Number of protein chains: 2
Amino acid sequence: MGQASTRDRIVIAAARLLQRQGYVGTGIKQIAKEAEATLGSVYHFFPGGKEAVAVAAIKYSSQEFAAVLRDALDSEEDPGAGVQACARQLAEGLRASGWTDGCPVTAAALETLGTDSEIQQACVNALRSWEQTVTDKLLRSGFQARDARELATTIIGALEGAEVTAQVNRSEEPLRATSRQLARLMDSYGVSRS
Amino acid sequence: MGQASTRDRIVIAAARLLQRQGYVGTGIKQIAKEAEATLGSVYHFFPGGKEAVAVAAIKYSSQEFAAVLRDALDSEEDPGAGVQACARQLAEGLRASGWTDGCPVTAAALETLGTDSEIQQACVNALRSWEQTVTDKLLRSGFQARDARELATTIIGALEGAEVTAQVNRSEEPLRATSRQLARLMDSYGVSRS
DNA sequence: ACGGCTCTAAAACGAACGCTCTAACCAGTA
DNA sequence: TACTGGTTAGAGCGTTCGTTTTAGAGCCGT
């Protein structure tokens with residue numbers, strides 16, 4: 001990480017801090033310190049201030065998780081098993097971080113709901129891209145378009161909620177239980193497998 | 001509300017503000033102003049300061065939502081229909097508040113994850129009591145104990161995630177889709193109805 | 001050697017934060 | 001009238017917030 005550019009270090013540090021303490025709870029000076037940069041650098045690369053840093057960080061986190069999601073889903077042929085693999089991946093990350101590093105979008109999204117900042121749009125885009133990733137997998141598995149979209153919304157939402165529950169309970173059981181039930185739900189559609 | 005005691009007004013105002021802007025985003029002076037009380041009153045009733053106010057507010061919100069949940073579930077005999085009624089209730093509240101008043105626990109829980117404050121425990125208790133409410137309904141409907149518990153975890157988590165998704169998208173569609181899928185999932189257990 | 005550029009460094013601004021403090025108000029009792 | 005305990009009122013503490021500002025490195029083509 002020592003060879004990463006200052007700008008990249010800022011984005012990555014901001015992403016991690018946002019994930020842990022949310023938007024309001026993260027100070028711009030803290031971001032600078034964590035990124036081993038100075039306040040001047042932060043405002044040089046992000047003249048828009050704290051909000052601009054947060055938007056860049058959320059976009060970064062969004063793509064990062066989209067990749068994790070895609071890999072987990074593609075690691076199994078059955079989409080239900082793929083969702084369970086994804087839940088295991090999430091649980092692993094949570095446990096490794098001491099249950100602090102949760103969904104990079106949820107916290108920031110909730111805190112800026114009233115405002116009309118660009119952060120909102122970044123969160124909407126993140127959720128949409130994740131849903132699309134799941135939808136694609138379901139379509140490839142033979143689901144009908146309408147079922148696939150509705151299931152994808154349900155799956156992303158349920159995983160998000162289960163992750164929060166897992167965090168506050170410091171247990172991966174909610175993620176396990178939820179992914180098991182999601183797999184059962186997908187099985188109930190009885191899609192023909194090639 | 002004019003006849004409510006000062007202490008009650010503080011708790012209610014804090015609950016609403018926590019719901020909208022989270023723990024860090026809500027100032028204790030703002031709580032006092034919103035409750036039409038003064039800072040002196042707040043610290044008189046809550047010597048523990050901001051954290052004590054938040055704990056009381058979360059407990060209050062927890063019981064409030066538990067009642068809503070119980071009523072919605074009991075309004076239908078079929079538990080799947082009950083969950084859908086609950087989702088409609090949530091959607092109604094969201095729309096009425098301009099998509100700002102979400103889950104009273106999620107935001108506060110996420111922001112205080114690293115800390116070991118009492119807020120964490122209050123959030124854990126809230127989630128547990130809601131899960132228990134759902135579990136009771138499922139048991140009464142003939143589900144096996146193990147299935148009921150796992151389903152309850154899934155349902156509460158999924159509703160939570162769907163509510164967040166609904167908030168950021170300013171649409172009640174995620175709640176509708178999720179509750180429909182949850183009802184389907186419950187139906188898949190094919191419990192005998194009396 | 002030079003101005004011109006990107007980037008870094010640190011001091012300082014006003015505002016807001018959580019919290020403490022003292023003084024006053026207002027029953028009820030004697 | 002005086003006293004008392006529960007409650008309200010608001011000034012002010014030290015700290016941190018996001019941001020601005022000014023100054024100075026380091027590098028490059030000429």
Side-chain angles (χ1 to χ4, degrees), chain A residues 1-18 20-58 107-108 110-112 114-120 122, chain B residues 1-18 20-58 107-108 110-112 114-120 122:
Chain A
M1 190 185 281
Q3 54 189 349
S5 76
T6 302
R7 205 199 117 104
D8 289 348
R9 288 203 318 272
I10 292 172
V11 172
I12 294 175
R16 173 132 42 156
L17 290 174
L18 279 185
R20 295 195 178 172
Q21 5 182 42
Y23 179 67
V24 193
T26 301
I28 212 172
K29 293 176 185 175
Q30 187 185 11
I31 293 175
K33 177 179 288 186
E34 190 85 0
E36 297 187 47
T38 62
L39 210 51
S41 306
V42 176
Y43 277 94
H44 170 73
F45 290 110
F46 301 94
K50 184 181 179 179
E51 186 175 317
V53 177
V55 169
I58 290 173
L110 284 180
E111 288 177 314
T112 57
T115 78
D116 55 348
S117 71
E118 292 187 42
I119 297 179
Q120 281 297 302
Chain B
M1 190 186 280
Q3 53 189 350
S5 77
T6 302
R7 205 198 116 105
D8 289 348
R9 289 203 318 272
I10 293 172
V11 172
I12 294 175
R16 174 136 38 160
L17 290 173
L18 279 185
R20 294 195 179 172
Q21 2 180 41
Y23 179 68
V24 192
T26 302
I28 213 170
K29 292 177 184 174
Q30 187 185 13
I31 293 175
K33 176 179 287 185
E34 189 85 0
E36 297 188 46
T38 62
L39 208 52
S41 305
V42 176
Y43 277 95
H44 171 72
F45 290 110
F46 300 95
K50 183 183 180 178
E51 186 175 317
V53 177
V55 169
I58 289 173
L110 285 180
E111 288 177 313
T112 58
T115 79
D116 55 349
S117 73
E118 291 187 42
I119 296 179
Q120 281 297 301

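What you are looking at is a predicted structure, and each value in this text was computed from that prediction instead of being measured. Each chain gets a letter, A, B and so on, in the order its sequence line appears, and its residues count up from 1.
- We find that CD of B:E36 is positioned 19 Å from P of D:dT7, with the value rounded to whole Å.
- Between the side chain of B:E51 and the backbone N or O of B:E118, at least one donor-acceptor pair lies under 3.5 Å.
- With hydrogens and angles disregarded, no donor-acceptor distance shorter than 3.5 Å links the side chain of B:R20 to the backbone of A:G114.
- Which of D:dG18, D:dG12, D:dG6 sits closest to the side chain of B:K29 comes down to D:dG12.
- Rounding to whole angstrom units, CZ of residue B:R9 and C1' of D:dT8 are separated by 11 Å.
- Between B:T38 and D:dT7 there is no side-chain polar atom (N or O) within less than 4.0 angstrom of OP1 or OP2.
- The nearest heavy atom of DNA chain D to A:G40 and to A:G25 marks one nucleotide each, and the one closer to the 5' end goes with A:G25.
- Checked by atom type and distance alone, the side chain of B:T112 never pairs as donor or acceptor with a backbone atom of B:T115 at under 3.5 Å.
- At C:dT8, one or more side-chain N or O atoms of A:T6 fall inside 4.0 Å of OP1 or OP2 (strictly under the cut-off).
- Counting only heavy atoms from C-beta on, B:H44 has its side chain closest to D:dG6 among C:dC19, D:dG6, C:dC7.
- Taking atom CD of A:Q30 as the reference point, atom P of D:dT15 lies 19 Å away to the nearest angstrom.
- Summarising the geometry, the separation between CD1 on A:I28 and C1' on D:dG18 is reported as 7 Å, rounded to the nearest angstrom.
- For the pair B:F46 CZ and D:dT8 P, the computed distance is 12 Å after rounding to whole Å.
- As a whole-Å value, the separation of A:K50 NZ from D:dT20 P is 14 Å.
- Nucleotide D:dG10 holds its P atom 12 Å from the NZ atom of B:K33, rounded to whole Å.
- Relative to the side chain of A:L39, the nucleotides C:dA9, C:dG18, C:dA11 differ in distance, and C:dA11 lies closest.
- When every heavy atom of B:A122 is checked against every heavy atom of B:I58, the shortest pair comes out as CB-CG2, 3.9 Å.
- Interatomic distance, CD of A:Q30 versus OG1 of A:T26, reported as 5.5 Å (0.5 Å rounding).
- Side-chain nitrogen and oxygen atoms of A:S41 include none within less than 4.0 Å of the OP1 or OP2 phosphate oxygen of C:dC7.
- Atom CG of A:D8 and atom C1' of C:dC7 are 15 Å apart (whole Å).
- When heavy atoms are screened at a 4.0 angstrom cut-off, A:F45 is found touching the sugar-phosphate backbone but no base atom.
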